Amino acid sequence: MRSYLVAGNWKMNGSRAANAALLRGLRDGFTGSPGVEMLVCPPFPYLADVARELEGSAIRLGAQNVSQHESGAFTGECSAAMLSDVGCSYVIVGHSERRALMGETSEDVAAKFVAALSGGLRPILCVGESLDEREAGHTEAVIDEQLDAVLQAAGVSTFAEAVVAYEPVWAIGTGKSASPQQAEDVHAHIRARVAGHDRQVADKLQILYGGSVKGDNAAGLFSKGDIDGGLIGGASLKADDFLAIATAAMAQD
Ligand code: 13P
């Protein structure tokens with residue numbers, strides 16, 4: 001049986017009231033599935049609250065970013081151990097918004113990936129090309145650079161504890177998802193790149209697709225052999241939309 005991960009990246013959205021309503025809907029609608037794991041990644045200030053609300057549910061908690069440092073004089077930062085401490089089991093690293101807007105390099109992302117694992121978190125490593133890069137025929141080269149930095153710093157064996165998310169920048173928040181075949185081509189490339197280091201790790205690696213995933217396009221994406229779930233932005237903020245995506249994953253079993 002395949003194992004899917006349906007992960008919601010709330011980005012900088014939410015409020016206590018909105019989160020409570022969303023989580024109520026998700027808890028009622030998703031009671032667990034052997035082949036599908038559901039994850040929500042709220043902003044930092046809400047993590048502890050959300051952890052409490054998720055107690056006893058089948059929904060896991062993750063964060064959107066982590067410091068590469070363990071502790072100390074890093075004002076405004078948050079360590080992997082702190083995130084574990086409040087109930088996170090996952091953390092997103094290298095989201096394209098952080099690479100583009102906060103200037104995170106592939107080396108920074110690799111350091112965060114290593115820090116996440118040391119702190120007991122499963123990193124979700126985001127990779128993806130911009131529209132210009134795709135149109136110039138550089139998609140695979142961009143992905144390789146982002147992936148190789150982490151493979152080199154962390155070693156392929158750590159990918160047994162990690163997830164990769166392919167998020168083409170041109171598909172994020174645009175309503176213009178990659179087609180199932182476009183996504184599958186890149187996912188297969190990512191798996192082959194990891195297999196070049198260790199085939200067993202590559203075969204088991206969950207590779208999520210992110211970029212305008214909705215209830216009505218999820219089934220087509222998830223039917224592809226190398227697409228093991230989704231990293232979902234906008235549609236993860238509405239319980240019905242997110243549940244429809246989880247249902248599409250459950251229907252693949
Ligand atoms: P959208 O689903 O809103 O396109 O966002 C995708 C994303 O960036 C998830 O990390």
Side-chain angles (χ1 to χ4, degrees), residues 4-14 18-19 22 26 37-44 46-47 50 59-66 83 88-102 104 106 109 112-113 116 121-131 133-134 139 142-143 146-147 150 162-180 182-183 186-187 190 206-222 224 227-249:
Y4 288 87
L5 175 62
V6 176
N9 174 7
W10 294 4
K11 307 193 180 184
M12 202 171 74
N13 294 293
N19 301 347
L22 172 57
L26 294 180
E37 190 166 43
M38 181 181 275
L39 170 70
V40 294
C41 301
F44 284 146
Y46 299 124
L47 287 171
V50 172
I59 305 168
R60 313 290 296 275
L61 180 67
Q64 300 172 20
N65 182 33
V66 63
L83 297 175
C88 291
S89 44
Y90 286 86
V91 65
I92 299 169
V93 298
H95 192 281
S96 62
E97 286 151 18
R98 297 207 58 85
R99 292 181 193 260
L101 305 174
M102 320 294 169
E104 287 186 12
S106 290
V109 173
K112 286 172 183 242
F113 182 100
L121 300 172
R122 184 176 277 256
I124 301 176
L125 167 65
C126 298
V127 298
E129 82 289 1
S130 66
L131 186 58
E133 289 163 341
R134 172 164 281 262
T139 298
V142 170
I143 304 286
Q146 294 171 342
L147 208 52
V150 182
V163 176
V164 174
Y166 169 54
E167 294 213 314
V169 177
W170 48 271
I172 295 177
T174 60
K176 189 173 176 282
S177 170
S179 71
Q182 275 177 322
V186 179
H187 282 230
I190 291 169
Q206 277 185 318
I207 308 177
L208 313 183
Y209 168 77
S212 299
V213 180
K214 310 281 179 224
D216 58 7
N217 62 14
L221 290 158
F222 297 164
K224 294 292 183 186
I227 303 182
D228 308 302
L231 182 54
I232 296 117
S236 74
L237 297 172
K238 290 193 185 135
D240 288 351
D241 292 349
F242 198 42
L243 289 167
I245 294 168
T247 301

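Order of appearance sets the numbers: ligands from 1, and atoms from 1 within every ligand. From a predicted model like this one, the values you see are computed outputs, not experimental measurements.
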- Message: Does ligand 1 come near enough to G173 that some N or O of the ligand is less than 3.5 Å from an N or O of the residue?
- Response: yes
- Query: Name the one of K112, R99, H95 that satisfies side chain to side chain donor-acceptor pair (under 3.5 Å) with E104?
  - Reply: K112
- Would you check whether K214 has a nitrogen or oxygen atom less than 3.5 angstrom from a nitrogen or oxygen atom of ligand 1? no
- Could you establish whether A235 and ligand 1 come within less than 4.0 Å of each other, counting only heavy atoms on the residue side? no
- Task: Under the side-chain hydrogen bond (donor to acceptor under 3.5 Å, both in side chains) rule, collect the residues that match up with K214, sequence neighbours excluded.
- Result: none
- Message: Out of all atoms in ligand 1, which are within 4.0 Å of some heavy atom of E167? Include the element for each.
- Response: 6 (C), 7 (C), 8 (O), 9 (C), 10 (O)
- Task: Output yes when the distance from some N or O of ligand 1 to some N or O of E97 is under 3.5 Å, and no in every other case.
- Result: no
- Message: Suppose we screen for salt bridge (charged side-chain N to carboxylate O under 4.0 Å, His left out). Which residues come up paired with E133, at least two apart in sequence or across chains?
- Response: none
- Task: Looking only at distances, please establish whether an N/O atom of ligand 1 is found under 3.5 Å from an N/O atom of G234.
- Result: yes
- Can you tell me the protein heavy atom closest to atom 2 (O) of ligand 1 and the distance? G233 N, 2.9 Å
- Is there any N or O on T174 that sits under 3.5 Å from an N or O of ligand 1? no
- Task: Check whether any heavy atom of C126 sits under 4.0 Å from an atom of ligand 1.
- Result: no
- What atoms in ligand 1 come closer than 4.0 Å to a heavy atom of G211? 4 (O), 6 (C)
- Is there a donor-acceptor contact under 3.5 Å from the side chain of Y209 to the main chain of G211? yes
- Message: Which of the numbered atoms in ligand 1 are under 4.0 angstrom from any heavy atom belonging to A171?
- Response: 4 (O)
- Whether S130 side chain and V169 backbone form a donor-acceptor pair below 3.5 Å: no
- Item | Flag, side chain of D228 to backbone of I207, donor-acceptor distance under 3.5 Å | yes
- Check N9 against ligand 1 and report side chain, backbone, both or neither, counting heavy atoms closer than 4.0 Å. side chain
- Item | M12 CE: over 12 foreign heavy atoms closer than 6.0 Å | no
- Does any non-hydrogen side-chain atom of E97 lie less than 4.5 Å from one of Q64? no
